Trainee: 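For reference, the structure I am asking about is given below.
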Amino acid sequence: MKYIENELKDKTILITGGAGFIGSNLAFYFQENHPEAKVVVLDSFRSTELLSNGNLKSFGHFKNLIGFSGEVISGDINDKDLLLALETNYKFDYIFHEAAISDTTVLEQDLMIRTNVNAYKDLLELAIKHGANMIYASSAATYGNAPSPQKVGCEEPQNVYGFSKLCMDNLSREYMKRSNIGIVGLRYFNVYGPREYFKNSTASMILQFAHQILLGKNPRLFENSDKILRDFIYIEDIIQANIKAMNPKESGIFNVGTAKARSFQDIVDILQYELETSLTCEYIPNPFIGSYQFHTEADIASTREVLGYKPRFEMEDGIKAYVHEIKRLFRDEVKK
Ligand SMILES: NC(=O)c1ccc[n+]([C@@H]2O[C@H](COP(=O)([O-])OP(=O)(O)OC[C@H]3O[C@@H](n4cnc5c(N)ncnc54)[C@H](O)[C@@H]3O)[C@@H](O)[C@H]2O)c1
């Protein structure tokens with residue numbers, strides 16, 4: 001679906017993290033709906049490097065970009081020479097900044113702050129030099145255990161990832177005061193949908209439960225999963241918010257969710273309906289009690305008002321739209 005009618009002729013768009021889940025979906029949105037725009041994807045792509053939690057340092061994967069015909073650059077946003085080359089060799093009109101250490105369980109605080117916060121500042125400077133509007137990924141992790149519905153201004157991050165995103169928001173507010181470019185921070189809640197598979201164990205629980213079910217395994221849930229609630233949002237609504245943030249009425253930081261909290265039990269029930277299974281759920285004690293979010297729900301009043309954003313996908317709709325791709329992934333990736 002096309003979200004803006006504006007022509008993007010002669011416009012150049014940079015998507016950092018463009019080989020990742022959300023960035024690659026943005027790249028295809030532009031290719032399909034605005035073929036007149038020039039799109040440049042920058043991503044560090046994956047190597048074999050692991051962090052201390054055993055997960056990959058970066059999840060970018062070429063398969064997310066198969067079919068994309070724009071320019072692709074492999075590079076690290078922490079590399080000042082690369083940023084200088086981008087400044088000199090291009091003239092960007094919009095920067096969608098999705099590159100980050102996106103894994104919320106990463107413990108390397110130095111790497112997290114350098115990548116998520118310090119490199120973002122360099123990209124803001126680049127945006128100002130080019131007169132480009134900046135649309136960047138913040139996160140619901142800034143809220144930690146703040147009471148629901150979460151509102152901008154009530155942050156209590158519980159990990160260095162959430163802290164890094166809050167630092168990005170604080171930095172953005174400074175730049176909003178002293179620059180003329182549009183700057184929009186989008187606090188995504190729990191995103192799911194096509195092209196998340198290569199996030200491995202950090203992909204959404206929707207995909208992970210679906211593949212457990214397709215393997216014929218009983219879904220394993222934490223006890224009281226009907227009371228563990230999250231605002232799960234389908235990728236198409238995330239794309240909608242990004243596109244509507246391109247030329248905002250005003251700069252700001254906005255929640256991007258559905259404004260409805262759904263339970264982990266709901267996920268499994270909807271998946272079993274869509275996949276036509278009736279496996280017995282197994283319940284295990286929740287080892288994270290005390291450090292776990294039990295209820296996230298986005299207050300999206302200002303997102304609606306300022307950006308004109310309107311979520312289109314309830315969880316039933318999102319899973320229905322996704323199930324074909326879930327099965328394809330199971331066949332082509334999981335079973336191989
Ligand atoms: N998916 C979610 O539920 C969610 C929720 C809240 C916020 N976010 C944020 O949205 C953005 C996109 O997330 P995603 O789910 O697509 O994750 P992702 O990991 O699939 O995408 C991030 C991309 O950034 C790249 N990257 C990492 N370090 C880099 C570096 N130093 N230089 C260049 N590229 C680098 C990775 O290779 C990856 O392709 C991230 O900023 C993430 O923190 C995601």
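Along the sequence shown, residues are numbered consecutively beginning with 1. First listed ligand is number 1; within each ligand, the first listed atom is number 1. As the structure is a prediction and not an experimental result, all values here were calculated from the model.
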Trainee: For the 3.5 Å polar cut-off, considering only N or O atoms, please tell me whether E98 and ligand 1 meet it.
Mentor: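 So ligand 1 has an N or O lying under 3.5 Å from an N or O of E98.
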
Trainee: Report yes or no: do V334 and L214 belong to one cluster of Ile/Leu/Val/Met/Phe/Trp/Tyr joined by side chain heavy-atom distances under 4.5 Å?
Mentor: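 Same cluster.
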
Trainee: Look at atom 13 (O) of ligand 1 and say which protein heavy atom is nearest, naming residue and atom and giving the distance to 0.1 Å.
Mentor: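 Ranking protein heavy atoms by distance from atom 13 (O) of ligand 1, first comes I22 CD1, 4.0 Å.
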
Trainee: Looking only at distances, can you tell me whether any N or O atom of V191, backbone or side chain, sits closer than 3.5 Å to an N or O atom of ligand 1?
Mentor: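 Between V191 and ligand 1 (N or O atoms, distance only) the closest approach is under 3.5 Å.
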
Trainee: Closest non-hydrogen protein atom to atom 27 (C) of ligand 1, residue and atom name please, with distance?
Mentor: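 Here the nearest protein heavy atom works out to A100 O, 3.1 Å.
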
Trainee: May I ask you to list the atoms of ligand 1 that are less than 4.0 angstrom from any heavy atom of A137?
Mentor: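 Listed by number with element, the hits are 9 (C), 10 (O), 11 (C), 41 (O).
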
Trainee: Using 30° and 60° as the class limits, which term best fits the ring planes of Y192 and F232: parallel, tilted or perpendicular?
Mentor: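 Because their plane-to-plane angle is over 60°, the rings of Y192 and F232 count as perpendicular.
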
Trainee: Can you measure from CG (D169) to OH (Y136) and round to the nearest 0.5 angstrom?
Mentor: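 Those atoms lie 3.5 Å apart.
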
Trainee: State whether the number of non-hydrogen atoms from other residues, nucleotides or ligands found under 6.0 Å of R220 atom CZ is greater than 12.
Mentor: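 Counting other residues, nucleotides and ligands, CZ of R220 stays at 12 neighbours or fewer.
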
Trainee: Is D237 reaching over with its side chain to a backbone N or O of P311, donor-acceptor style, under 3.5 angstrom?
Mentor: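 The answer is no, because no donor-acceptor pair under 3.5 Å joins these two groups.
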
Trainee: Validate the cation-pi geometry between R178 and Y175: distance from NZ or CZ to the six-membered ring centre under 6.0 Å, angle to the ring axis within 45°.
Mentor: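 Verdict for Y175: a cation-pi partner in R178.
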
Trainee: In the single-linkage hydrophobic clustering (I, L, V, M, F, W, Y; side-chain heavy atoms under 4.5 Å), do V191 and L229 co-cluster?
Mentor: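 V191 and L229: separate clusters.
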
Trainee: Should I4 and L26 be regarded as members of a common hydrophobic cluster, given that ILVMFWY residues are connected when their side-chain heavy atoms come within less than 4.5 Å of each other, either directly or indirectly?
Mentor: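 Yes: a chain of side-chain contacts under 4.5 Å links I4 to L26.
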
Trainee: Quick check for you: to the nearest 0.5 Å, what is the distance between T303 atom OG1 and K310 atom NZ?
Mentor: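 T303 atom OG1 to K310 atom NZ measures 14.5 Å (nearest 0.5 Å).
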
Trainee: Ignoring angles and geometry beyond distance, decide whether I77 reaches within less than 3.5 Å of ligand 1 through its nitrogen or oxygen atoms.
Mentor: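 Between I77 and ligand 1 (N or O atoms, distance only) the closest approach is under 3.5 Å.
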
Trainee: What is the nearest protein non-hydrogen atom to atom 29 (C) of ligand 1, stated with its residue, atom name and distance?
Mentor: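 The closest one turns out to be S44 OG, 3.3 Å.
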
Trainee: Is there a nitrogen or oxygen of T115 sitting under 3.5 Å from a nitrogen or oxygen of ligand 1?
Mentor: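 T115 vs ligand 1: no N/O contact under 3.5 Å.
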
Trainee: Which of the atoms of ligand 1 are close to G60, meaning less than 4.0 Å from one of its heavy atoms?
Mentor: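 Answer, ordered by atom number: 36 (C), 37 (O), 38 (C), 39 (O).
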
Trainee: May I ask you to list the atoms of ligand 1 that are less than 4.0 angstrom from any heavy atom of N78?
Mentor: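 In order of numbering, the contacting atoms are 31 (N).
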
Trainee: Can you confirm whether N145 sits close enough to F294 that some side-chain heavy atom of one is under 4.5 Å from a side-chain heavy atom of the other?
Mentor: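 In short, these two side chains do not touch, never coming nearer than 4.5 Å.
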
Trainee: Got an N/O contact under 3.5 Å between D76 and ligand 1?
Mentor: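 It does: an N or O of D76 is found under 3.5 Å from an N or O of ligand 1.
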
Trainee: Applying a strict 4.0 Å limit to heavy atoms, is F189 in contact with ligand 1?
Mentor: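 Within the 4.0 Å threshold, so yes.
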
Trainee: Under 3.5 Å, sequence neighbours excluded: what are the donor-acceptor pairs made by side chains of residues 312-326?
Mentor:
residue, atom, partner, partner atom, Å
R312, NH1, Y3, OH, 3.3
E314, OE2, K260, NZ, 2.6
E316, OE1, R262, NH1, 3.0
E316, OE2, R262, NH2, 2.9
D317, OD2, E314, N, 2.9
K320, NZ, E274, OE2, 3.1
Y322, OH, G193, O, 3.1
Y322, OH, E196, OE2, 2.8
E325, OE1, R328, NE, 2.9
E325, OE2, R328, NH2, 3.0

Trainee: Should you measure from each heavy atom of K199, which atoms of ligand 1 turn up under 4.0 Å away?
Mentor: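 The atoms of ligand 1 under 4.0 Å from a heavy atom of K199 are 1 (N), 14 (P), 15 (O), 17 (O), 20 (O).
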
Trainee: With a cut-off of 4.0 Å, which atoms of ligand 1 are near a heavy atom of G17?
Mentor: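 That gives atoms 23 (C), 24 (O) of ligand 1.
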
Trainee: Quick one: sort the H34 and F30 rings into parallel, tilted or perpendicular, breaks at 30° and 60°.
Mentor: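 Tilted: the ring planes of H34 and F30 meet at 30° to 60°.
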
Trainee: State whether the shortest distance between N or O atoms of Y161 and N or O atoms of ligand 1 falls below 3.5 angstrom.
Mentor: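 N/O-N/O distance under 3.5 Å: yes.
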
Trainee: Polar contacts were defined as any N/O atom of the residue lying under 3.5 Å from an N/O atom of the ligand; does this apply to A99 and ligand 1?
Mentor: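 Looking only at distances, the answer is no, because the N/O contact criterion of under 3.5 Å is not met.
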
Trainee: If you have a sec, work out which protein heavy atom is nearest atom 36 (C) of ligand 1 and how many Å separate them, to one decimal?
Mentor: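 Atom 36 (C) of ligand 1 sits closest to the protein heavy atom D43 OD1, 3.4 Å.
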
Trainee: For the NZ atom on K9, are there more than 12 heavy atoms of other groups (residues, nucleotides or ligands in this structure) within a distance under 6.0 Å?
Mentor: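 Counting other residues, nucleotides and ligands, NZ of K9 stays at 12 neighbours or fewer.
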
Trainee: Which residue holds the protein heavy atom closest to atom 21 (O) of ligand 1, what is that atom called, and what is the gap in Å?
Mentor: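 Here the closest protein heavy atom is G20 CA, 3.6 Å.
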
Trainee: Examine F21 against ligand 1 and note whether any of their N/O atoms are separated by less than 3.5 Å.
Mentor: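 F21 vs ligand 1: N/O contact under 3.5 Å present.
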
Trainee: So if I count the atoms of ligand 1 from 1 in the order they appear, which ones are less than 4.0 Å from some heavy atom of G75?
Mentor: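 By the 4.0 Å cutoff, the relevant atoms are 32 (N), 33 (C).
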
Trainee: Compute the minimum heavy-atom distance from R187 to ligand 1 and say whether it is under 4.0 Å.
Mentor: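 Under 4.0 Å: no for R187.
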
Trainee: If the cut-off is 4.0 Å to any non-hydrogen atom of S138, which atoms of ligand 1 fall inside it?
Mentor: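 Per the distance check, 6 (C), 7 (C).
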
Trainee: Specify the protein heavy atom at minimum distance from atom 41 (O) of ligand 1: its residue, its atom name, and the distance to 0.1 Å.
Mentor: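 In this structure, atom 41 (O) of ligand 1 has K165 NZ, 2.8 Å as its nearest protein heavy atom.
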
Trainee: Number the atoms of ligand 1 from 1 as they appear, then name those within less than 4.0 Å of a heavy atom of S102, with their elements.
Mentor: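 So the atoms of ligand 1 that pass are 17 (O), 18 (P), 19 (O), 42 (C), 43 (O).
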
Trainee: Decide yes or no for T202 and F59: does some side-chain heavy atom of the first lie under 4.5 Å from some side-chain heavy atom of the second?
Mentor: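 Side-chain contact under 4.5 Å: yes.
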
